[in-house]
Amino acid sequence: MNNPKKIIMAALLVLFSAGNADALVDFSDTRAERQMMAAGFYDYPPFGYVSTEFNQDNEEKFVRRHYLFKELLEEFAEENNAVVTYMDYLTDYNGIIRDVRSGDIDILLGMYHDTKLYAGLDYVLPAPVSNPITLMTLPSRRGEIKSLEDVKKLKGAILEKEILSDYVNEQMKDYDVIKIRDPNELFKKLFTKEIDYVFTGYYTGLIEASKLGLRNYVAFSKQIIWDIPLFIGVSKASKNRAFLIGRLGKYLEKKEVQEKFKKHLLNVIHEFEVLNNSITPPMYTK
């Protein structure tokens with residue numbers, strides 16, 4: 001008669017060997033697609049903005065939402081068997097952040113570290129881009145500003161839609177800066193010398209000036225005042241949190257991904273400049 005102990009041990013050996021064999025198999029190509037929700041800036045070019053476009057027959061007008069990180073995220077999703085749905089109908093930015101915080105949205109396409117607005121959110125390292133804050137002036141007045149101490153003696157402005165980190169907002173309290181909602185009104189005050197300069201994100205300032213035909217009539221400081229890393233945010237309540245923090249982080253570390261994203265950013269800004277190249281700039285008078 002066979003030894004019962006030997007039979008049991010042999011059965012267990014087969015069982016565990018089969019389990020280990022299964023553990024070595026990569027099922028990533030056969031698992032169900034990972035579903036994720038994303039949203040972000042909707043009026044802060046180039047990071048997020050809308051455009052009004054027409055259909056192929058040039059008859060029906062529609063609004064299209066653009067996200068600077070969308071192309072990058074789409075390529076990542078394709079490589080990792082995931083599908084991203086963009087919540088394009090949302091236009092309340094604070095509401096978007098609340099939905100990310102609660103887990104209704106997995107991904108926030110742009111956030112700052114150590115900033116109260118984004119409390120309760122994780123962020124993916126490294127940051128794909130930074131938001132360099134510069135001074136915009138009239139070319140004829142650029143020589144008046146040689147240091148930040150000179151800036152403190154002058155009157156400035158900033159667009160209300162500029163979204164900055166807590167650190168930069170705190171630093172800006174040292175300057176005489178007013179907030180202006182309408183870009184056209186901001187440029188009017190600059191050109192009529194009601195203000196001396198504008199604090200602006202370099203990319204945003206370029207785009208807003210281009211949209212009004214003023215790109216060649218303003219100057220930007222050579223030195224960046226504050227350079228704010230802009231991260232992709234992740235909801236701590238998201239079931240995809242570990243996947244995004246780990247897998248997306250490794251994807252963003254790739255040099256080829258970083259280089260491709262830089263080219264994409266430059267292309268977006270160039271498209272704004274080309275699109276608005278023929279616009280006649282306004283004539284501002286007091």
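Numbers here simply count residues along the sequence, with the first being 1.
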Checking side-chain polar atoms at under 3.5 Å, does [X] have a donor or acceptor matched by the opposite partner on [Y]?
| X | Y | answer |
| --- | --- | --- |
| T200 | E162 | yes |
| Y86 | E74 | yes |
| D227 | S130 | yes |
| E194 | T192 | yes |

Rounded to the nearest 0.5 angstrom, the CG-NZ distance for L275 and K211 is 10.0 Å

How long is the span from the CD atom in E273 to the CD1 atom in I207, to the nearest 0.5 Å? 8.5 Å

Under a 3.5 Å distance rule, please check whether S238 uses its side chain to pair with a backbone N or O of N240 as donor and acceptor. yes

Between [Y] and [X], is there a salt bridge with N-O shorter than 4.0 Å?
| X | Y | answer |
| --- | --- | --- |
| E160 | K179 | no |
| R98 | D92 | yes |
| K260 | E256 | no |
| E253 | K250 | no |

Mind checking whether Y202 and F220 have parallel, tilted or perpendicular rings, split at 30° and 60°? perpendicular

Between [X] and [Y], does the ring centre distance come in under 6.0 Å?
| X | Y | value |
| --- | --- | --- |
| Y112 | Y123 | no |
| Y93 | F41 | yes |
| F199 | Y175 | yes |
| F272 | Y49 | yes |
| F76 | F243 | yes |

Could you please spell out the steps behind the side-chain hydrogen bond (donor to acceptor under 3.5 Å, both in side chains) verdict for Y118 and D166? CA-CA 10 Å; Y118 304 107; D166 283 353; over 6 Å; no

M37 and D104, any side-chain heavy atoms less than 4.5 Å apart: no

Determine whether M172 and V168 make a side-chain contact, defined as any pair of heavy atoms from C-beta on separated by less than 4.5 Å. yes

Is it true that atom CD of E144 has more than 12 heavy atoms of other residues, nucleotides or ligands lying nearer than 6.0 Å? yes

Considering non-hydrogen atoms only, spot the tightest contact between G103 and A237 and give its length. CA-CB, 3.8 Å

